Enquirer: 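Can you keep this structure in mind? I'll have questions shortly.
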2 protein chains.
Amino acid sequence: MPRINIKDIAQKAGVSKTAVSFAFNNPSRLSEATVQQILTIAEEMGYSPDPVARSMSTGRTGTIGLLLPQPLPEIVRNPFFPEFLEGIGEVCAHSGLSLMLVPPLKGSIRRAIINAAVDGFLTLGLEEFKATMVVLRQRGVPFVTVDSDPIEGVPAINVDDAGGACQAMRHVLSLGHRQIAILAIRSGKQGHYREYVGTLGARMHGYLQALEEYGLTIDRRAIRLLECASTEEGGMESFQTLWKLSRHPTAIIAMSDIIAIGVIKAANTAGLHVPQDLSVVGFDDITMASLIHPALTTVAQPSREKGEIATRLLVKLIEANAKPVHQMLPTRLIERNSVCPPRREEP
Amino acid sequence: MPRINIKDIAQKAGVSKTAVSFAFNNPSRLSEATVQQILTIAEEMGYSPDPVARSMSTGRTGTIGLLLPQPLPEIVRNPFFPEFLEGIGEVCAHSGLSLMLVPPLKGSIRRAIINAAVDGFLTLGLEEFKATMVVLRQRGVPFVTVDSDPIEGVPAINVDDAGGACQAMRHVLSLGHRQIAILAIRSGKQGHYREYVGTLGARMHGYLQALEEYGLTIDRRAIRLLECASTEEGGMESFQTLWKLSRHPTAIIAMSDIIAIGVIKAANTAGLHVPQDLSVVGFDDITMASLIHPALTTVAQPSREKGEIATRLLVKLIEANAKPVHQMLPTRLIERNSVCPPRREEP
DNA sequence: TTGTACGCGTTATCAA
DNA sequence: TTGATAACGCGTACAA
């Protein structure tokens, strides 16, 4: 049986569609009695306006889309995602918007963009951004990028990944470490770090800058780079790989806390003491970082604010054609207990 | 300027709207040359079909809604939410669906339901469920409830909260504890535990059943009940409240891990040793539970599976009119290091 | 391949 | 002031 629609109600109540619509959306334009009668009949017949039809008329969906570079399960496993969502959620709640999570559709971001009935997009850490941007432009709704390399004319919210990474590396270097392994989030670029882009690129840039200040660079011996999945397992495996080598690093700098935590767990398992035997630094400052033993020294980024500011900007763009601005949020090193000076070099 | 629409393309290409539509959705019905021509022109003019209009025609949005009882920020702060989302996400990814998070709109769940352009709803832990159900029925799309008291004829996925709670309480009782505090998630019912409903009610029921097996009940002296917010702060405050009393409990059973973790932190701060001075049990088995020191003994629920199974059912209901079934998923006690027998009674 | 009806609610315009 | 009429938005299905 077909859904009850506005026409059914209008007929039953002996009024026009307009009257029914007014009864719901603009009751003051109708007499009290008419409104009551219409609402009563609507209630009886179980009428509820079709949101799609309404969006068709109003040109608004009341929804913003969060465009995700990976399938939902992988994204939500990322521990800082909830905090980011929290920031988005605050603005949504305030503005009466719903949030649509938009992962690639059958593997295609393009398809996902084209299909999503939203008033605007937030994009999170998109990699092949240029192609996606073309589709977004074509799609014809405003969008704000988060954690993508900023492009002129495209609203973008970022955090100071380079600065934070630089601080982290400096910290370790200043304590005297000279045998250091960097654990990068797997890029598909096989360790060709000069090709890193986005968040990955910015963090790498920060590490390299600090190294340079000390006259160092990645040399595959004292200063090493490994790529691994941004998971606990990734960190554990990397630790094991490193510990098979003849010369062990005295410090490991990971591009994400979850990798760093994997390292600490593997190190504990191997009977090492962190930080005495091995210093470990993370990135992100997820909740877990302060809970693990030893508490993780890491770079904090304001994930919640990132979501909040990006969403606020998007809402403005949707409503008022605000200017497409760029904004960079600060990061800062949080010193906890997973870093100390290296042991004296053994003879 | 108005959006480019299908008519513009049709005119420019000198074909009908239908042809343009086919070029996108059913190219095999058109000659190769026509398709190419249309697609080229569409590309040039930056055309992208309007998803709302498409939904209007097809009667499908390709989106399911997750109906939330609280504003987004509060929900995502809940540590087991990501796992639940992960389960939903798996099915969505597989079925090519997007997920819309639907918090109350301007405080009204009703408004949120009516406004959401989705093909079906998942509801999570709704409290005033009966009223909401009426609206959902009226809305005319299938829905599956999760963590609500099951109602005949309404598809429902639950976990065995009562059984898990019972196991937790039995465990503590079997070790000899007889001074026990239950920390309930704040209900708005001021400790009138017989009125608890939903998850809260089921867990309470389990605790009471185990107590009864030992001939005990909540007596406000040996066996106490406190309500608090399901946050770390809630747990910490509850600990402090309890420790001001003349007679301290030897065990605290919390309805959520996050409360339990708050208790452990407050106890540590107060110089107590968990579990020697105080046993603590949680509920949910969030990631943090195994990381905190001492590792938390708690009741594990299959959050991911819960999301997965509920979504699978919803998809079936949307596609094929499956039967509205009820399903209950098992919970189990995870014994870690936050529980041990009580000290001998001091003279 | 095309023309046309259709889905459904909103809103500008008009009439009483 | 109260209400009706009709146009509108846009893609899709179906008959031709």
Side-chain angles (χ1 to χ4, degrees), chain A residues 1-39 41-42 45-62 111 114-119 138-141, chain B residues 1-39 41-42 45-62 111 114-119 138-141:
Chain A
M1 79 234 139
R3 270 178 59 98
I4 306 271
N5 63 24
I6 197 171
K7 204 164 55 179
D8 298 325
I9 305 302
Q11 273 174 4
K12 188 90 169 187
V15 297
S16 69
K17 289 196 301 174
T18 309
V20 179
S21 182
F22 280 156
F24 279 87
N25 307 317
N26 203 350
S28 63
R29 293 261 334 239
L30 261 44
S31 74
E32 184 70 18
T34 314
V35 170
Q36 276 314 315
Q37 190 213 2
I38 292 172
L39 291 183
I41 289 178
M45 299 186 66
Y47 168 68
S48 150
D50 183 328
V52 176
R54 164 179 289 157
S55 292
M56 183 94 208
S57 284
T58 59
R60 281 289 174 87
T61 63
R111 248 195 292 266
I114 288 179
N115 258 57
V118 298
D119 296 332
Q138 189 153 331
R139 174 68 176 75
V141 295
Chain B
M1 78 234 141
R3 266 179 64 94
I4 306 273
N5 64 24
I6 197 171
K7 204 164 55 179
D8 299 325
I9 306 301
Q11 273 174 5
K12 188 91 170 186
V15 296
S16 69
K17 288 197 301 176
T18 311
V20 178
S21 181
F22 278 153
F24 279 87
N25 307 315
N26 205 348
S28 62
R29 295 225 12 207
L30 259 43
S31 76
E32 183 69 20
T34 315
V35 171
Q36 276 315 317
Q37 190 212 5
I38 293 173
L39 291 183
I41 290 178
M45 300 187 66
Y47 168 69
S48 149
D50 183 327
V52 176
R54 166 182 286 154
S55 293
M56 184 96 206
S57 283
T58 60
R60 282 287 175 86
T61 63
R111 248 195 292 264
I114 288 178
N115 258 57
V118 298
D119 296 332
Q138 188 155 329
R139 175 66 176 74
V141 296

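Just so it is clear: chains get the letters A, B, ... in the order the sequence lines come, proteins before strands, and each one is counted from 1. Keep in mind it's a predicted model, so treat the numbers as computed, not measured.
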Enquirer: Given C:dC8, D:dG11, D:dG3, which nucleotide is nearest the side-chain atoms of A:Thr34?
Expert: D:dG3
Enquirer: Only one of B:Ile41, B:Thr34, B:Val35 clears side-chain contact (heavy atoms from CB on, under 4.5 Å) with B:Ile38; which?
Expert: B:Thr34
Enquirer: Can you measure B:Arg60 atom CZ to C:dG7 atom P for me and round it to whole angstrom units?
Expert: 18 Å
Enquirer: Tell me which nucleotide among D:dC10, C:dT10, C:dG3 gets nearest to the side chain of A:Asn25.
Expert: C:dT10
Enquirer: Side chain of A:Asp119, backbone of A:Arg60: donor and acceptor closer than 3.5 Å?
Expert: no
Enquirer: Reckon B:Tyr47 has a side-chain N or O less than 4.0 Å from the OP1 or OP2 of D:dG11?
Expert: yes
Enquirer: For A:Asn115 and D:dC10, what is the distance between atoms CG and P respectively, to the nearest whole Å?
Expert: 17 Å
Enquirer: Can you tell me how far apart CG (B:Asn26) and OG1 (B:Thr18) are? Round to the nearest 0.5 Å.
Expert: 12.0 Å
Enquirer: Where do B:Ile6 and B:Lys17 come nearest, in terms of heavy atoms and distance?
Expert: CD1-O, 3.5 Å
Enquirer: With respect to the side chain of A:Phe22, which nucleotide from C:dT4, C:dT11, D:dT2 is positioned closest?
Expert: C:dT11
Enquirer: Kindly point out which of C:dG3, D:dT12, D:dG3 is positioned nearest to the side chain of B:Thr18?
Expert: C:dG3
Enquirer: Which nucleotide in the list D:dT12, C:dC8, D:dC10 gets nearest to the side chain of A:Met56?
Expert: D:dC10
Enquirer: What is the separation between atom CD1 on A:Ile114 and atom P on D:dC10, rounded to the nearest whole Å?
Expert: 16 Å
Enquirer: Could you check A:Thr58 against B:Ser16 and say which one's nearest nucleotide on DNA chain C is further toward the 5' end?
Expert: B:Ser16
Enquirer: Is there a donor-acceptor pair closer than 3.5 Å between any side-chain N or O of A:Asn5 and the backbone N or O of A:Asp8?
Expert: yes
Enquirer: Given atom NZ of A:Lys17 and atom P of C:dA12, what is their separation to the nearest angstrom?
Expert: 15 Å
Enquirer: If you look at every strand shown and take non-hydrogen atoms under 4.0 Å, does B:Ser55 touch a base, only sugar-phosphate, or nothing?
Expert: nothing
Enquirer: Just distance, no hydrogens or angles: give the donor-acceptor pairs under 3.5 Å from side chains in residues 45-53 of chain B, sequence neighbours left out.
Expert:
unit_1  : atom_1 : unit_2  : atom_2 : d
B:Asp50 : OD1    : B:Val52 : N      : 2.7
B:Asp50 : OD1    : B:Ala53 : N      : 3.4

Enquirer: Round to the nearest Å and state the distance from B:Ile9 atom CD1 to D:dC10 atom P.
Expert: 12 Å
Enquirer: If you check the B:Asp50 side chain, which of C:dG3, D:dG3, D:dC10 turns out closest?
Expert: D:dC10
Enquirer: Could you state the CD1-P distance from A:Ile6 to D:dG3, rounded to the nearest angstrom?
Expert: 15 Å
Enquirer: Let me test you: for the helix from C:dT1-D:dA16 to C:dA16-D:dT1, what is the angle between the axes at its two ends (five pairs each), rounded to 10 degrees?
Expert: 40°
Enquirer: Under 4.0 Å between any heavy atoms, over every strand shown, what does B:Lys7 touch: base, sugar-phosphate, or nothing? Just pick one.
Expert: nothing
Enquirer: Between C:dT10, C:dC8, C:dT1, which one does the side chain of A:Arg54 approach most closely?
Expert: C:dT10
Enquirer: Name the closest nucleotide to the B:Ser57 side chain, picking from C:dG9, D:dA4, D:dT12.
Expert: D:dT12
Enquirer: If you round to the nearest 0.5 Å, how far is CD1 of A:Ile114 from CZ of B:Arg54?
Expert: 8.0 Å
Enquirer: For B:Val15, which contact category applies under a 4.0 Å heavy-atom criterion: base, sugar-phosphate, or nothing?
Expert: sugar-phosphate
Enquirer: Provide the closest heavy-atom pair for B:Ile9 versus B:Ile4 in the form atom of the first, atom of the second, distance.
Expert: CD1-CG2, 3.9 Å
